[in-house]
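First comes the structure, then the notes that go with it.
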Amino acid sequence: MLAWYRAQQRDLPWRHTRDPYRIWLSETMLQQTRVENAIPYYERFLERFPDLASLATADEDQVLKQWAGLGYYARARNLKRAAETVVRDFGGVVPQDPERLRALPGVGPYTCGAIRSIAFGQQAPVVDGNVRRVFSRLLAEKSPPDALLWRAAHELVVGPDPGLFNQSLMELGATLCSPRRPDCRPCPVRDACRGRATGDPSSFPEAARRKPPRAVQASCAVLRRPGRPSQVLLMRRPSKGLLGGLWELPSHDSLDSDGLAAAIRDRSGLLAEPGDRLGKLRHAFTHISLTLSVIEFEHVGGRLRGRPAEDGSRARWCGPAARRDLPLSALMQKSLRLARL
DNA sequence: AACACGGGGCA
DNA sequence: TGCCCAGTGTT
């Protein structure tokens, strides 16, 4: 495995460092996210936040801005909170012991093992989706229980370079031992693989059945500021939940434009009436199939109440510069584009 | 144990 | 367009 990895590994930005912060950032970005997708975010994030201290003292909006478009935004909020904890409690030095590491928000069993082995050289196991698939095939087990996978990873990570070994396992799963069409010919462990011996390694592991996404109808408002038409009303979503902490055109979970007007009034203090529908967008989340109606609104009274609510939501008028500066989801970037903003 | 949480690549 | 991917935190 080590020889194969040394010869065949992809050249990735986080493979040129053992800085715990950079390893931690890369592992966090790689959760649920493909390597090619994460690379530009990783580079930009480090330009903006070169170390733990700069991340700890940043505004949450600035951190989310760097994350915008990558998804699963709790990862960014947790990473920032964890950075604050490390600076405050550990003098800015990432702790090496598993208990303290694991206690940081966003650091679960996988990330803990990855930081320990890759950054600190400890013999700590990792089990991610790649490792799960590689082991499932090696053992020809359709759905090996987590405990078995972690035990196997623990028993195998005993060599001189645990970080390289763990990465070799994950690299194998990400490249040759791919989900659909594994390429066994160049595999360094082909002779030990019971899945290959069955003649159909791709049948391992058994595919998890997923629920179909639920259909959601929603609407959002384009409300221009009276006298300053280049500015529109944007709102910050509550810190928790879907797209937490990101900014958006005022939205609510129904096609009903009067309901949307009521939501605008309740959350901003502004009175507005619906006008033309600018268009309809479809956007697929893992668990939601969203149809979003973008509706032009006209201001008819009231003044903006900018005070943030308890849940972190707030409203403000935003011109083009502010819109470039605030974190917007992929969906909202589509919506602003539809509205020619 | 089940569920919430994004986005992009690919057929 | 529909399918696929798969860590952490919460309930």
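Residue numbering restarts at 1 for every chain, and letters A, B, ... go by the order of the sequence lines.
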Joining Ile, Leu, Val, Met, Phe, Trp and Tyr whenever any side-chain heavy atoms lie under 4.5 Å apart, the cluster holding A/Ile118 also takes in A/Ile23
Tell me whether A/Arg190 at atom CZ has more than 12 heavy atoms from other residues, nucleotides or ligands lying less than 6.0 Å away. yes
- Task: Give a yes or no on this: more than 12 heavy atoms of other residues, nucleotides or ligands lie within 6.0 Å of atom NE2 of A/His154.
- Result: no
Tell me, please, which residues at least two apart from [X] pass salt bridge (charged side-chain N to carboxylate O under 4.0 Å, His left out).
{"X": "A/Arg237", "answer": "A/Glu248"}
{"X": "A/Arg228", "answer": "none"}
{"X": "A/Asp11", "answer": "none"}

Note to self: Can you confirm if the NZ or CZ of A/Arg116 lies within 45° of the ring axis of A/Phe120 and under 6.0 Å from the centre of its six-membered ring?
What the structure shows: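 No, A/Arg116 does not sit over the ring of A/Phe120.
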If the C1' atom of C/dT8 is compared with that of B/dG9, how far apart are they to the nearest Å?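 My reading of the C1' atoms in C/dT8 and B/dG9 gives 24 Å.
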**Study point:** B/dC5 versus C/dC4 - spacing of their P atoms, nearest Å
**Key:** 22 Å
Next on the checklist: Filter on side chain to side chain donor-acceptor pair (under 3.5 Å), then keep only pairs touching residues 68-78 of chain A, sequence neighbours left out; what's left?
Outcome noted: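 Non-adjacent pairs meeting side chain to side chain donor-acceptor pair (under 3.5 Å): A/Thr33-A/Arg75, A/Asn78-A/Arg81.
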Note: contacts of residues 110-117 of chain A with DNA chain C (heavy atom, under 4.0 Å) are A/Tyr110, A/Thr111
Item checked: Interface with DNA chain C, restricted to residues 68-79 of chain A and to heavy atoms under 4.0 Å ->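 A/Asn78, in order of number.
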OG of A/Ser251 to CG of A/Leu331, rounded to nearest 0.5 Å, is 7.5 Å
Next on the checklist: Check A/Asp183 with A/Arg181, please: is the shortest side-chain N to carboxylate O separation under 4.0 Å?
Outcome noted: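 Looking at A/Asp183 together with A/Arg181, the answer is no, because their closest N to O distance does not fall below 4.0 Å.
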Original post:
Do A/Arg314 and A/Asp61 meet the salt-bridge criterion of a basic N to acidic O distance under 4.0 Å?
Top reply: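 A salt bridge is present here (some side-chain N lies under 4.0 Å from a carboxylate O).
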5'-most contact on DNA chain B: A/His283 or A/Arg214, nearest heavy atom basis?
->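 Looking at the nearest nucleotide for each, A/Arg214 comes out on the 5' side.
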Can you confirm whether [X] sits close enough to [Y] that some side-chain heavy atom of one is under 4.5 Å from a side-chain heavy atom of the other?
{"X": "A/Cys193", "Y": "A/Leu138", "result": "yes"}
{"X": "A/Leu169", "Y": "A/Phe135", "result": "yes"}
{"X": "A/Glu141", "Y": "A/Pro205", "result": "no"}

Between [N] ([atom2]) and [X] ([atom1]): distance, integer Å:
{"X": "A/Ile288", "N": "B/dG7", "atom1": "CD1", "atom2": "C1'", "value": "13 Å"}
{"X": "A/Gln32", "N": "B/dC3", "atom1": "CD", "atom2": "C1'", "value": "13 Å"}
{"X": "A/Leu246", "N": "B/dC5", "atom1": "CG", "atom2": "P", "value": "13 Å"}
{"X": "A/Phe285", "N": "B/dG8", "atom1": "CZ", "atom2": "P", "value": "11 Å"}
{"X": "A/Gln31", "N": "B/dA4", "atom1": "CD", "atom2": "P", "value": "19 Å"}

Review point. Between A/Asp200 and A/Ser202, is any side-chain donor less than 3.5 angstrom from a side-chain acceptor?
Key: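 Yes, A/Ser202 and A/Asp200 have a side-chain donor paired with an acceptor closer than 3.5 Å.
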- Task: Indicate whether any N or O donor in one side chain lies under 3.5 Å from an N or O acceptor in the other, for A/Arg282 and A/Thr291.
- Result: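 Judged by distance alone, the side chains do pair up.
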Mind checking [X] for me? I need base, sugar-phosphate or nothing, with any heavy atom below 4.0 Å counting as a touch.
{"X": "A/Ala284", "answer": "base"}
{"X": "A/Leu243", "answer": "sugar-phosphate"}
{"X": "A/Gly241", "answer": "sugar-phosphate"}

DNA chain C: first to last nucleotide in contact with chain A (atom under 4.0 angstrom from a heavy atom), 5' to 3', is C/dC4 to C/dG9
- So if you build clusters from Ile, Leu, Val, Met, Phe, Trp, Tyr with side-chain heavy-atom gaps below 4.5 Å, do A/Leu12 and A/Leu164 land together? no
Across all chains, not counting sequence neighbours, the side-chain contact (heavy atoms from CB on, under 4.5 Å) partners of A/Thr175 are A/Trp4, A/Arg10, A/Glu171
Ordered by number, residues from residues 328-341 of chain A within less than 4.0 Å of DNA chain B (heavy atoms) are A/Ser329, A/Ala330
Fill in: Residues in contact with DNA chain B, drawn from residues 169-188 of chain A - heavy-atom cutoff 4.0 Å
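Those residues whose heavy atoms fall under 4.0 Å from DNA chain B, taken from residues 169-188 of chain A, amount to none.
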Which protein N or O atoms sit under 3.5 Å from an N or O of nucleotides 9-11 of chain B?
none

- Between A/Thr33 and A/Leu104, which has a closest nucleotide on DNA chain C that is more 5'?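 Upstream on the strand: A/Thr33.
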Checklist line | OP1 or OP2 of B/dC3 under 4.0 Å from side-chain N/O of A/His287 | finding: no
- For A/Lys65 and A/Arg324, indicate whether the former's side chain and the latter's backbone hold a donor-acceptor pair under 3.5 Å. yes
